[in-house]
Amino acid sequence: MGRLLIVLLIVLGAGLYFPRTRERIFERASPLLTPAYVWMTNQELGQIAVDLSALQGSRTGLPTRRGEFDAWMDGRYPGEKSRVDPWGTRYRLEVFSSRFRVISAGPDRTFGTDDDLSREAPSDVVSRSR
């Protein structure tokens with residue numbers, strides 16, 4: 001059993017090395033990976049919401065202007081993979097009068113569909129001079 005596992009890991013590693021087979025492996029493994037990706041995304045959304053909540057009390061407030069959220073994410077989370085969901089789409093911020101929402105486009109990589117993931121938090125300070 002141990003040798004079979006080692007052989008499978010070697011075959012998987014070799015397959016992941018080549019871009020064309022890597023795509024096929026990820027495509028076929030997608031149903032197995034999606035639940036883990038959803039869990040990871042929910043954790044990341046929660047952390048971003050906590051960080052944004054802490055930012056509300058600061059002098060700058062929430063990054064509500066065009067491009068500010070992306071700039072804030074770039075500064076707050078320096079690794080490229082920290083600013084995008086597991087499917088490679090950048091997170092979005094929506095701000096309402098009494099709350100804000102951090103959103104992932106989900107597995108289909110399209111915002112506004114049923115598979116979107118989000119985390120909401122109360123918003124204390126939503127408007128600044130524009």
Side-chain angles (χ1 to χ4, degrees):
M1 182 66 181
R3 289 182 187 194
L4 177 62
L5 181 61
I6 291 172
V7 169
L8 287 173
L9 288 174
I10 290 171
V11 169
L12 179 64
L16 291 173
Y17 180 77
F18 300 101
R20 190 176 293 167
T21 53
R22 183 180 323 132
E23 289 175 22
R24 288 185 185 148
I25 289 170
F26 283 133
E27 184 178 301
R28 295 197 180 173
S30 179
L32 299 173
L33 296 175
T34 298
Y37 284 170
V38 167
W39 181 84
M40 285 177 13
T41 302
N42 282 320
Q43 298 301 308
E44 289 175 357
L45 290 169
Q47 185 59 54
I48 294 168
V50 166
D51 292 343
L52 285 167
S53 291
L55 185 66
Q56 287 187 96
S58 73
R59 188 177 59 111
T60 59
L62 288 174
T64 58
R65 294 185 186 139
R66 184 176 196 79
E68 281 185 336
F69 178 67
D70 285 342
W72 178 80
M73 289 287 289
D74 291 346
R76 178 73 180 174
Y77 307 105
E80 175 62 32
K81 291 186 178 190
S82 299
R83 300 184 305 256
V84 297
D85 64 21
W87 301 279
T89 307
R90 285 189 75 107
Y91 293 109
R92 280 192 184 169
L93 174 66
E94 290 181 348
V95 180
F96 306 98
S97 60
S98 62
R99 61 185 163 72
F100 67 86
R101 180 183 325 163
V102 185
I103 308 166
S104 160
D108 71 356
R109 299 178 182 167
T110 303
F111 286 96
T113 59
D114 289 340
D115 71 343
D116 290 4
L117 303 167
S118 65
R119 183 64 57 98
E120 289 191 10
S123 179
D124 297 334
V125 180
V126 295
S127 63
R128 296 186 320 205
S129 58
R130 292 191 183 261

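The figures that follow rest on heavy atoms only: side chains count, while hydrogens, waters and symmetry mates do not.
A 4.5 Å side-chain heavy-atom check between Leu33 and Met40 finds every atom pair outside the cut-off. No side-chain heavy atom of Arg76 sits less than 4.5 Å from a side-chain heavy atom of Ile48. Contact annotation: the side chain of Leu93 approaches that of Val102 to within less than 4.5 Å [non-hydrogen atoms, C-beta and beyond]. The shortest side-chain heavy-atom distance between Trp87 and Thr41 falls under the 4.5 Å cut-off.
The CG atom of Leu52 sits 10.5 Å away from atom CG of Leu45, with the distance rounded to the nearest 0.5 Å.
Connection of Tyr37 to Trp39 is established within a shared hydrophobic cluster, with ILVMFWY side chains joined at heavy-atom distances below 4.5 Å, either directly or through further cluster members. Follow the hydrophobic side-chain contacts under 4.5 Å out from Phe111 and you never reach Phe100; the two are in separate clusters. Cluster membership for Met73 and Val95, using ILVMFWY side-chain heavy atoms within less than 4.5 angstrom, is shared. Connection of Phe69 to Leu117 is established within a shared hydrophobic cluster, with ILVMFWY side chains joined at heavy-atom distances below 4.5 Å, either directly or through further cluster members.
Nearest heavy atom pair, residue Tyr91 against residue Asp85, reads OH-CA, 3.4 Å. Between Asp116 and Ala105, the shortest heavy-atom contact is OD1-O, 2.9 Å. In terms of heavy atoms, Glu120 sits closest to Arg99 at OE1-CD, 3.2 Å.
For the pair Arg119 (side chain) and Asn42 (backbone), a donor-acceptor distance under 3.5 Å is present. Not a single donor-acceptor pair under 3.5 Å links the side chain of Arg101 to the backbone N or O of Ala121. Remark: side-chain polar atoms of Asp108 are not paired, donor with acceptor, to backbone N or O of Asp115 under 3.5 angstrom.
Looking at residues two or more places apart in sequence or on another chain, you find a side chain to side chain donor-acceptor pair (under 3.5 Å) between Gln47 and Asp51.
Glu44 and Tyr77 share no side-chain donor-acceptor pair at under 3.5 Å.
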